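Below is one structure, written out as C-alpha cells; comments come after it.
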2 protein chains.
Amino acid sequence: MTDDRLFGPQRQERLMDELRRQGSIRVREFAALLGVSELTVRRDIAALASQNLLTKVHGGATLPTDLGPATQVRRRGTAAPRFTIGMVVPSLDYYWPAIVGGARSAAAAQGVQINLRGSTYDWAEDQRQITRLIESQQVQGLLLAPNLDGDGVPEMIEWIGNLPVPVILIERQPPRWTPTKNQLEWVRSDHALGLEIAVRHLHEHGHRSIGLVLSKGSPTSAHLERGWELVCADLDLSPDLVVRESVRMQQPGYRETIAQLLDRCRAAGTTALVIHSDPDAMSVAQYCVERGMAIPEDLAIVAYDDEVAKLAEPAMTAVRPPKPMVGRTAVELMVARLIEGRRRPSQRILITPELIIRDSSIPHFQPANQPAADSPPGRPTTRRAHPPVRSSDAEGVPVRRPG
Amino acid sequence: MTDDRLFGPQRQERLMDELRRQGSIRVREFAALLGVSELTVRRDIAALASQNLLTKVHGGATLPTDLGPATQVRRRGTAAPRFTIGMVVPSLDYYWPAIVGGARSAAAAQGVQINLRGSTYDWAEDQRQITRLIESQQVQGLLLAPNLDGDGVPEMIEWIGNLPVPVILIERQPPRWTPTKNQLEWVRSDHALGLEIAVRHLHEHGHRSIGLVLSKGSPTSAHLERGWELVCADLDLSPDLVVRESVRMQQPGYRETIAQLLDRCRAAGTTALVIHSDPDAMSVAQYCVERGMAIPEDLAIVAYDDEVAKLAEPAMTAVRPPKPMVGRTAVELMVARLIEGRRRPSQRILITPELIIRDSSIPHFQPANQPAADSPPGRPTTRRAHPPVRSSDAEGVPVRRPG
DNA sequence: CCTCCGTTGTACGAATCTGAACGTTTGCGG
DNA sequence: CCGCAAACGTTCAGATTCGTACAACGGAGG
C-alpha cells in the first residue's frame, strides 16, 4: 500500500510490457489504466519512440515493425489484433475434434481465426497441406501435428523450422534440440503421466498385478509405454503384462486376442488392466461380462482416453487427455508468439490428463462414504478443501473459461 | 533489537532489501520508515546507484534493468479480478531478482498483487515463510521455489500439495507424479537445453573438445550436467572434462583451480569451455589473459548465466536463462488457475534460455584485417550450419521395445 | 578536555515532473 | 472535396523532488 503513482521509468516499462502483450497501446486507455493524464502517456511514448522501442501511431503506439509503420491502432472494442492461424491435424474424426474445438474456442476468445486442414498420418500429405496454407499467404502462424514416428524426422523438423511463419507442434514432441534459432515450441498431453495416474489409482485400491493394453500404431502408445515402465519401477510392479494388439470390436480376431489376454491375466494373477482407447476397453469389458466376470470386482479396468467411456455399462473409469486444453493452450501460445515476436523465449508445455473415476475400476457404492478398500501407503488424511470428483459430476460439459 | 539508529551500510542494505521486495523505493516513504531525513536516503541511493545496484529515478529508485529501468506497478480501477499471490524465493539478491521482476510486471498487467518473501535454501525457513503467508489469509495462490535437493522431498511435496491455496513451483521440478488431486504445476528454465545450445554453438564453430565448469551446490548444476551428458552423446564429444569447483574470484584457491583446469584442457586438447555462472567465467577469462592466452582464439568461453557477462572484457558470450519470462509465466499461469479453478488441467512449462553471442566464443569480426588467426576450423560467417540431429533420443520420446 | 573528521539534518534555489488549456494536425465519413 | 471529432503537442503553471551549502552531532585520538 505504498503509493499508486509510479515513477516515470516504471511507467514506461509498464507501457512496453503492455505493448508487447497487446501489440498496441492506445493513449486514452493506457492513461485511464494508470490514472495519469494522456499527455503523460504521450510523453512516454515519444521518449520510447525516440529510442526506437516502439512506433508512434495516431491514437497510440505499436511495436516497431520492419515492414514500415503499422496501419492503425485497433479501436476500442475489438479484442485483439486479428491473426489467422493455420492448423493441420492428421485426422478430423478421431481424437482431434476435441483439440480443434478447444483451439476454436480459444481463437474466438482471442479474436483470431483458425484455418483448419485435415491431413493424414503421412508426412507428404502434411507437407502438401502446409505448403498450401503458406502459399495462401493468409496464415501468420501454424499449429501442426506431423507424425514423428518414422524416418526422416530431422529433415521434417528442419523443414518445419524454416517455414516463414512461427510453428507450434500440438500433441507432438520434437527432439530435445532443434536446429532453428528459436527452439521449436510444442504443447502436448502428458500421456506418460496420465498412464501413471491410472496405474496409481489402481494401485491405491489394492491391485498389485496390473496389465496394459496398447493400441498398435498410435503415436500415443510410445508415451504410454514409457509411463508404464516408470510407474512400474516406482511401485515395484511387474511391467511384463503388456499387450500390443488392438482389441476393438471391428478388429478381426479381437475375441481371440481378448481371450488370450484374459488367460495371461489369470496366469499372472492380474486383477486390473489399463486399456488404451476406450472403445477397446469397452470391448474387453463386454467380453468379460459375457463370460460372467464382474467388471470392477473380478477385473478392474481403466480406459485410456475418454471419448465414449461414460456410455459403457458399467461406465468406464477413464483417463481423459486434456484435448481441449491442448488446443486452447496452443492457440494462446501462438497469439503470444505472434504479438511478441521472436524475442519471446520459446516454451514447451505439458498438460496433465485427468482421471475420471466411474464404475469400472472400483466397486460402485452408496452415498454412505466408506474409505477405499485397503489403502496402500500415502493416504493423505489431511483436510481436503474439495472432495475428489466422482463420475456423475463429469457430464462432459466442457469448462469454458470466461473471456 | 538494536538501537533505532542504523549505520550507513546497514541502512543501505535495508534499502536494497526493500527495493528487491517492492521493486521500487520512494525516498519519502523510506525516510519516514527509517526515521531519517530524506536527504540521507538520497545520499544512500546515490551511493548505491554509483555501484549500479539500483537505478535512481525522480522520487526514488528502482531495480536496475537493461533498458529504461523500472518494473512493478499497481493497476487500479479496472475490472480485472484482484488476487494476491504469495511468492517465496530462496534469495533476494542473486538470480531471483530478475524472476521477481518478471513476476511483478506480469502481476501489474494482470491486476494482481505479489506478496514477496525472501527465504533461504533451507526448507524449515521456507515452511515458516509459507505458513506465515497462508495464515495472513491474504494470498490466494503461492509461487514457491523450495530446494528439492536434499532429503524428505516427498514429504515436502505432500505438504505443499495440501496447502489450502494453489501452488506453482518456479525453477523447480518436483517428481513426475505428485500425490495431489491435481498434479503440482511448475514453470522452469530448461537449463539442460540451455547448456546444449551453448555446446552446439561451440561445436558449430569447430570445437571438438569442450569442457564444462560447474558451480558446486547450485540447483542448476544438476540440469546442466544432464544436458551435458545428452549433448555429448549426441555430438560424439567426450564428456569427461567436467570441473565441479567454483572458480570465482572470492573463492580461496581459485587460481590453482583454474590453473589445473587449464592444464587439463591443454592435456586433452580442449579448445572451449562452458562455465557456469558468468562471474566464474570472467574469472577464468581474466586468468587466461594474464597468462597471455587470447580469449576467443586460444580458448573459447561461453558463460552460463548472463548477469554481468556483458561487462566483461572481452564481452562474454553467455546463455541467458529466461528469468523474467519464468516469473511472468508463473504469474499468468496462477491467474488462470485462480480464475478457472481446479478443473483446469495442470500444466508444466519449460522455457528455453537464449544464447547471447558476444566476443568470447567466436573471434570478433574485423573488417580490414586478416581472418581469424588460426582458430579452429570454424567459419566467422553467420550462416547457420545444420548439425546432425539424432532422431529418437529426446527426453520423453521413448524407444519402442520389441516384444 | 579538546580537536579532527565523518555523518546526519535543515534550508533553499534549481531542476524535474505532471497536468490543464488551447491551437494545430490527423483521420474518417459524407 | 469538405467538415467534424479526436488526437496531438506546445506553452505555462503548480507541485514535488533534488542536491549544494552549511550547521549540528558524536566518536576517535592526542
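Just so you know, these numbers come straight off a predicted model, no measurement behind them. All values below were derived from every heavy atom in this structure, side-chain atoms included, with hydrogens, water molecules and symmetry-related copies excluded. All chains are named by letter (A, B, ...) in the order of the sequence lines, taking the proteins before the strands, and each is independently numbered beginning at 1.
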Of all the heavy-atom pairs spanning B/Arg344 and B/Ala336, show the shortest one and how long it is.
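For B/Arg344 versus B/Ala336, the nearest heavy atoms are NH1-CB, 3.4 Å.
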Which atoms form the tightest heavy-atom contact between B/Met87 and B/Ile99, and what is the distance?
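Heavy atoms only, the tightest pair is CE-CG2, 4.0 Å.
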Enter the inter-axis angle for the ends of the helix from C/dC1-D/dG30 to C/dG30-D/dC1 (five pairs per end, rounded to 10°).
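Axis-to-axis angle, ends of the helix: 30°.
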Just checking, any donor-acceptor pair under 3.5 angstrom between side chains of B/Arg328 and B/Ser105?
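No - no donor-acceptor pair under 3.5 Å links their side chains.
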Assess, by modelled atom type and distance only, whether the side chains of B/Asn115 and B/Thr84 contain a donor and an acceptor separated by less than 3.5 Å.
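Result is no, nothing qualifies.
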Mind listing the N/O atom pairs, protein and nucleotides 18-24 of chain D, below 3.5 Å?
residue, atom, partner, partner atom, Å
D/dC18, OP1, B/Gly59, N, 2.7
D/dC18, OP2, B/Arg42, NE, 2.6
D/dC18, OP2, B/Arg42, NH2, 3.3
D/dC18, O5', B/Arg42, NE, 3.4
D/dG19, OP1, B/Lys56, NZ, 3.1

If we only count heavy atoms from C-beta on, is the B/Ile114 to B/Val331 side-chain gap below 4.5 Å?
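Yes, their side chains come closer than 4.5 Å.
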For the pair made of [atom1] in [X] and [atom2] in [N], what is the distance, rounded to whole Å?
{"X": "B/Arg28", "N": "C/dC17", "atom1": "CZ", "atom2": "C1'", "value": "14 Å"}
{"X": "B/Leu15", "N": "C/dT8", "atom1": "CG", "atom2": "P", "value": "13 Å"}
{"X": "A/Phe30", "N": "D/dA7", "atom1": "CZ", "atom2": "C1'", "value": "18 Å"}
{"X": "A/Ile45", "N": "D/dA7", "atom1": "CD1", "atom2": "C1'", "value": "11 Å"}
{"X": "B/Asp44", "N": "C/dG6", "atom1": "CG", "atom2": "P", "value": "17 Å"}

Can you see if the side chain of B/Thr40 gets near the phosphate of C/dT7 - specifically, an N or O under 4.0 Å from OP1 or OP2?
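Checking C/dT7 against B/Thr40, no side-chain N or O comes under 4.0 Å of OP1 or OP2.
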Decide side chain to side chain donor-acceptor pair (under 3.5 Å) for B/Glu307 and B/Tyr95; before the verdict, give the C-alpha distance in whole Å, the side-chain angles of both, and the deciding distance to 0.1 Å.
CA-CA 8 Å; B/Glu307 297 277 1; B/Tyr95 193 98; over 6 Å; no
Charged N to carboxylate O under 4.0 angstrom, B/Asp306 versus B/Arg358?
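Between B/Arg358 and B/Asp306 there is a salt bridge, with a charged N closer than 4.0 Å to a carboxylate O.
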Walk me through it: do B/Thr352 and A/Ser346 pass the test side chain to side chain donor-acceptor pair (under 3.5 Å)?
CA-CA 5 Å; B/Thr352 310; A/Ser346 73; 2.6 Å; yes
